[in-house]
Asks: 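I am attaching a structure below and will ask some questions about it afterwards.
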Amino acid sequence: MTVLVIGASGAIGSACVMTAKKSFPVIAADLKPSDLGEVKTSKIDVSQLDSVTEVIHEINKSSPLTGVIYAAGLNTTGYLDAVDWQDYERVMSVNLRGAFYVGSTLLRLSRQEKRAINSVFISSTAGLMGEPGGTVYCASKFGLIGFVQSFAGEISQFGGRSNVVCPGNVESPMLLDLATKIGLRDGRSGEQVIDQWKEASSLKRLIRPDEVAETCVWLLSPGSSGICGQTFIVDGART
């Protein structure tokens with residue numbers, strides 16, 4: 001079972017690579033591949049259909065692909081009447097359209113080769129509940145859940161499974177950058193925003209990337225063979 005992690009340079013993506021490689025051969029793909037030790041890397045631009053199809057087909061030729069984790073994601077914040085439409089296009093192209101490109105390519109492979117390919121797409125708790133200032137990001141993550149629920153019904157005819165993982169606030173450079181931007185908008189420090197997010201979780205802390213990764217890898221494994229088209233939340237209960 002070869003697992004492809006897309007978005008492998010991010011905090012969650014790199015954690016998925018490190019976790020998955022304990023059990024499976026792993027290939028790490030990103031627009032800007034980072035040093036992940038001895039893990040094989042590949043360059044991919046999820047906003048471009050040609051790039052997605054070429055990379056997945058090339059990997060599949062040398063090592064039949066049976067698992068994919070889609071961890072590519074971008075964030076932006078701002079009220080709707082102040083949306084930067086270039087940011088909108090950028091976020092939607094990575095968070096949602098790229099997932100469509102990946103799913104389409106996997107379905108085509110499964111249809112051609114009659115082979116099961118399991119996949120996990122990383123959404124967010126922001127894909128379950130909207131929030132002021134998060135219209136673009138929330139919409140992209142809500143859309144991803146709807147995509148996977150539909151895609152799962154299509155890929156399952158070939159034995160493949162697809163599920164969604166929704167992390168809460170994950171300790172990462174992207175979250176810190178977001179907190180800083182929200183703080184500037186609301187007249188607070190980034191640290192104060194982070195503290196508010198911690199308090200909003202019953203765990204009273206941020207989620208670790210490895211906690212998300214463990215869930216993703218489990219959803220690719222035989223241990224989750226009866227699960228398809230479902231959404232898993234990796235977060236503390238809301239207080």
Asks: Is Ser150 reaching over with its side chain to a backbone N or O of Gly146, donor-acceptor style, under 3.5 angstrom?
Replies: yes
Asks: For the side chain of Ser63 and the backbone of Asn60, is there at least one donor-acceptor N/O pair under 3.5 Å apart?
Replies: no
Asks: To the nearest 0.5 Å, what is the distance between CD1 on Ile233 and CZ on Arg238?
Replies: 8.0 Å
Asks: Mind checking the CD1-CD1 spacing from Ile44 to Ile56? Nearest 0.5 Å is all I need.
Replies: 5.5 Å
Asks: Give, for atom CD1 of Ile155 and atom CZ of Arg111, the distance between the pair rounded to the nearest 0.5 Å.
Replies: 8.5 Å
Asks: Please indicate whether Glu54 has more than 12 foreign heavy atoms, meaning atoms of other residues, nucleotides or ligands, lying under 6.0 Å from its CD.
Replies: no
Asks: About how many Å separate CZ of Arg188 and CD1 of Ile182, when rounded to the nearest 0.5 Å?
Replies: 7.5 Å
Asks: Are Arg115 and Ser110 side-chain neighbours, meaning at least one heavy-atom pair lies under 4.5 Å?
Replies: no
Asks: So if I apply the side chain to side chain contact (heavy atoms under 4.5 Å, CB included) rule between Cys166 and each of Thr215, Ile145, Asp235, which one comes out positive?
Replies: Ile145
Asks: Can any side-chain N or O of Glu211 pair as donor or acceptor with the backbone N or O of Arg208 at less than 3.5 Å?
Replies: yes
Asks: Return yes if some donor-acceptor pair links the side-chain N/O of Ser93 with the main-chain N/O of Arg90 below 3.5 Å, else return no.
Replies: yes
Asks: Are Lys40 and Ser62 close enough that some pair of their side-chain heavy atoms sits under 4.5 Å apart?
Replies: yes
Asks: Any chance CD of Gln86 has more than 12 other-residue heavy atoms, nucleotides or ligands included, within less than 6.0 Å?
Replies: no
Asks: For Ser225 and Pro222, indicate whether the former's side chain and the latter's backbone hold a donor-acceptor pair under 3.5 Å.
Replies: yes
Asks: Taking atom types as modelled, find out whether Arg185 and Thr77 have a side-chain donor-acceptor pair closer than 3.5 angstrom.
Replies: yes
Asks: Are Val46 and Met92 linked, directly or through other ILVMFWY residues, by side chains that come within less than 4.5 angstrom of each other?
Replies: yes
Asks: Quick check: does any side chain N or O of Glu154 sit under 3.5 Å from a backbone N or O of Ala152, one acting as donor and the other as acceptor?
Replies: no
Asks: Is there side-chain contact between Val68 and Leu65, with at least one heavy-atom pair below 4.5 Å?
Replies: yes
Asks: For the backbone of Lys198 and the side chain of Ser201, can you confirm whether one donor and one acceptor N or O come within less than 3.5 Å of each other?
Replies: no
Asks: Under the criterion side chain to side chain contact (heavy atoms under 4.5 Å, CB included), which of Val3, Val17, Thr41, Leu4 is the partner of Ile27?
Replies: Leu4
Asks: For Met174, does the CE atom sit with more than 12 other heavy atoms under 6.0 Å from it, leaving out its own atoms?
Replies: yes
Asks: Quick one: which residue pairs count as a side chain to side chain donor-acceptor pair (under 3.5 Å) with a foot in residues 161-171, not counting sequence neighbours?
Replies: Ser119-Ser162, Arg161-Ser224
Asks: For residues 95-107, run the donor-acceptor check on the side chains, cut-off 3.5 Å, and write out each pair with its distance to 0.1 Å, sequence neighbours left out.
Replies:
residue: Asn95; atom: OD1; partner: Leu74; partner atom: N; Å: 2.7
residue: Asn95; atom: ND2; partner: Leu74; partner atom: O; Å: 2.9
residue: Asn95; atom: ND2; partner: Ser140; partner atom: OG; Å: 3.1
residue: Arg97; atom: NE; partner: Tyr101; partner atom: OH; Å: 3.2
residue: Ser104; atom: OG; partner: Arg108; partner atom: NH2; Å: 3.3
residue: Thr105; atom: OG1; partner: Tyr101; partner atom: O; Å: 2.8

Asks: Going by ring-ring contact (aromatic ring centres under 6.0 Å, His included), name the pairs with one or both residues in residues 49-71, residues two or more places apart or in two chains.
Replies: Tyr70-Phe121
Asks: Under a 4.5 Å side-chain heavy-atom rule over Ile, Leu, Val, Met, Phe, Trp and Tyr, are Val234 and Ile194 clustered together?
Replies: no
Asks: When rounded to the nearest 0.5 angstrom, what distance separates SG in Cys138 from CG in Leu128?
Replies: 9.5 Å
Asks: Between Phe151 and Phe147, what is the ring plane arrangement, given parallel below 30°, perpendicular above 60°, and tilted in between?
Replies: parallel
Asks: Less than 4.5 Å apart, any side-chain heavy atom of Leu219 and any of Ile227?
Replies: yes
Asks: Would you say that Leu144 contacts Val164 through its side chain, given a criterion of any heavy-atom pair below 4.5 Å between the two side chains?
Replies: no
Asks: With a 4.5 Å cut-off on side-chain heavy atoms, are Thr2 and Val26 touching?
Replies: no
Asks: Measuring only between side-chain heavy atoms, which start at C-beta, is Val217 closer than 4.5 Å to Phe24?
Replies: yes
Asks: Can you tell me if Ser9 uses its side chain to pair, donor with acceptor, with the backbone of Lys32 under 3.5 Å?
Replies: yes
Asks: Side chain of Ser14, backbone of Ala11: donor and acceptor closer than 3.5 Å?
Replies: yes
Asks: Could you grab the distance from atom OG of Ser172 to atom CG of Leu206, nearest 0.5 Å is fine?
Replies: 8.5 Å
Asks: Are the side chains of Asp84 and Thr76 in touch, meaning some heavy atoms are under 4.5 Å apart?
Replies: no
Asks: So does Tyr88 have more than 12 non-hydrogen atoms from other groups sitting under 6.0 Å from OH?
Replies: no
Asks: Measure from the side-chain N and O atoms of Asp30 to the backbone N and O of Ala8, and report whether any donor-acceptor pair falls under 3.5 Å.
Replies: yes
